[in-house]
Amino acid sequence: MTFRARHLLGIEHLHPVEITTVLDLADSYVDLNRGARKHGDALAGLTQINMFFENSTRTQASFELAGKRLGADVMNMSMQASSIKKGETLIDTAMTLNAMHPDLLVVRHPQSGAVNLLAEKVNCAVLNAGDGRHEHPTQALLDALTIRRAKGRLHRLTVAICGDIAHSRVARSNILLLGKMESRIRLIGPPTLIPAGAQDWGVEVFDDMKAGLEGADVVMMLRLQKERMDGGFIPSEREYYHRFGLDAEKLAHAREDAIVMHPGPMNRGVEIDGTLADDINRSVIQEQVEMGVAVRMAAMDLLARNLVADNAAGVMA
Ligand code: NCD
């Protein structure tokens, strides 16, 4: 197995072989999670702290479950109630926690780059659970695992990523990962929600759903990130749904066996039709959630192996 990273801050610095290593190990954790007894011991004796400075349902729950299933002592910091509210800086909080000798720190933060900064200050392995509009690496890895299990491969697939690309860390991490694994990527959305310079990323850009979905193997829908918008990016939600919301009629332009994805939380009737989202013949949205636990188990397992090896080398040196 090849996985050299000390932290999981983004897809940007991962090698394709490292990505495959995470996905292969995650496949074995899917089997464990489907069994009656779901316990491994890869993180036994290690301490995992989850620090979420932004709301989260599935990411936080799945990191917690992943740590517990592998035997870690898991602590969820309530950041609403923490000293950050009293004016302590992110770095002060991190240094305080660092003094308690955690092994894995899982961090979500509204500012792009905050998690990288934090990783420079602490001794443990840091996992980025989403920083601003920058990266969300475990989401891209769980999406890749879902696609690989449905399609049997990641290369030479046509993947359409649709909607609010400009504000989405999910889109950014997916574009990086799918590009490294040699998929063809299409971005579809209104020009106001496509970042300037996207044409230079080795992707095709469309502002028409039907044209963009033509022949796609995978259709990945994104939530409108209203909390990151500071003005009118769309005329109205109704108009947006009409032009960019995924329904059966638009999906008919993709391949007959195309799968539909969404990272959640979903706005039914804004970016996706509710019935289509629940259609188990097309939608893999629940599989994405299942793969999320397995991928986070694999990522923390691999980081812990490197951490333990480093510590052992340090003790011997
Ligand atoms: C995403 C996020 O937080 O970036 N959600 C998630 O992690 N499941 C996408 C979103 O919030 O729209």
Side-chain angles (χ1 to χ4, degrees), residues 8-12 22 26 50-67 76 79-80 106-116 127-147 159-178 187-190 193-195 218-230 233-234 237 240-241 244-246 260-272 274 277 283-297 299-300:
L8 184 58
L9 300 176
I11 299 297
E12 191 175 0
V22 178
N50 297 334
M51 291 167 79
F52 280 67
F53 295 91
E54 240 186 30
N55 293 342
S56 170
T57 312
R58 59 219 93 214
T59 305
Q60 182 164 2
S62 74
F63 264 115
E64 181 176 354
L65 213 47
N76 286 309
M79 299 322 297
Q80 319 302 359
V106 180
V107 188
R108 168 170 284 193
H109 199 277
Q111 271 164 344
S112 305
V115 184
N116 291 49
L127 292 100
N128 181 1
D131 64 322
R133 56 177 85 174
H134 177 225
E135 279 234 38
H136 192 352
T138 55
Q139 179 70 43
L141 288 162
L142 76 87
D143 288 340
L145 185 62
T146 308
I147 296 171
V159 181
I161 306 179
C162 316
D164 184 359
I165 315 283
H167 300 101
S168 175
R169 55 197 176 205
V170 174
R172 210 181 123 76
S173 290
N174 264 300
I175 292 166
L176 290 166
L177 188 150
L178 293 165
L187 306 182
I188 315 175
L193 294 177
I194 302 282
V218 176
V219 183
M220 189 182 289
M221 302 308 298
L222 298 172
R223 183 175 67 86
L224 281 178
Q225 308 263 311
K226 286 187 220 152
E227 71 276 24
R228 293 185 223 290
M229 295 183 189
D230 51 10
F233 284 82
I234 56 163
E237 285 186 357
Y240 181 82
Y241 181 67
F244 297 100
L246 188 69
V260 174
M261 306 179 75
H262 194 304
M266 262 186 296
N267 294 308
R268 291 167 186 263
V270 178
E271 67 260 359
I272 190 165
S283 161
V284 293
I285 295 170
Q286 294 305 321
E287 276 91 328
Q288 287 175 271
V289 178
E290 181 187 7
M291 296 309 129
V293 180
V295 151
R296 288 165 181 132
M297 289 165 87
M300 291 197 288

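In each ligand, atom 1 is the first atom listed, and ligand 1 is the first ligand listed.
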* Which atom names give the shortest non-hydrogen contact between Asp164 and Tyr240, and what distance separates them? -> N-OH, 3.9 Å

* Tell me which protein heavy atom sits closest to atom 10 (C) of ligand 1, plus the residue, atom name and distance to 0.1 Å. => Gln225 NE2, 3.2 Å

* Of all the heavy-atom pairs spanning Gly274 and Arg268, show the shortest one and how long it is. => O-NH1, 3.2 Å

* Can a non-hydrogen atom of Pro265 be found less than 4.0 Å from any atom of ligand 1? -> yes

* Does even one non-hydrogen atom of Arg108 get within less than 4.0 Å of ligand 1? -> yes

* To do: Look at the side chain of Glu135 and the backbone N and O of Arg172, then say whether any donor-acceptor pair between them is shorter than 3.5 Å.
  => no

* To do: Could you point out which residue of Val107, Leu127, Val106 forms a side chain to side chain contact (heavy atoms under 4.5 Å, CB included) with Asn50?
  => Val106

* Give the residue, atom name and distance (to 0.1 Å) of the protein heavy atom nearest atom 5 (N) of ligand 1. => Gly264 O, 2.9 Å

* Asked: Picking from Ile188, Val219, Asn174, Val218, what satisfies side chain to side chain contact (heavy atoms under 4.5 Å, CB included) with Ile161?
  -> Asn174

* To do: Over all heavy atoms of both residues, which pair between Ala129 and Arg108 is shortest? Give the atoms and the distance, please.
  => O-NE, 2.8 Å

* With atoms numbered from 1 as shown, which atoms in ligand 1 lie under 4.0 angstrom from a non-hydrogen atom of Gln139? -> 6 (C), 7 (O), 8 (N)

* To do: Look at atom 11 (O) of ligand 1 and say which protein heavy atom is nearest, naming residue and atom and giving the distance to 0.1 Å.
  => Arg223 NH2, 2.9 Å

* Asked: Which of the atoms of ligand 1 are close to Val170, meaning less than 4.0 Å from one of its heavy atoms?
  -> 1 (C), 4 (O), 9 (C)

* Around atom 8 (N) of ligand 1, find the nearest protein heavy atom and jot down its residue, atom name and distance. => Pro263 O, 3.0 Å

* How does Glu54 reach ligand 1, if at all, at less than 4.0 Å between non-hydrogen atoms: by side chain, backbone, both, or neither? -> neither

* To do: Distance to 0.1 Å, residue and atom name: give those for the protein heavy atom nearest to atom 7 (O) of ligand 1.
  => His136 NE2, 2.7 Å

* Within 45° cone and under 6.0 Å: Arg296 NZ/CZ vs Phe63 ring -> yes

* **Option whose closest heavy atom lies nearest to atom 4 (O) of ligand 1, chosen from Arg133, His167, His262, Arg169** => Arg169

* Just which atoms of ligand 1 are under 4.0 Å from any heavy atom in Thr59? -> 6 (C), 7 (O), 8 (N)

* Asked: Can you name the closest pair of heavy atoms from His136 and Val170 and give their distance?
  -> CD2-CG2, 3.9 Å

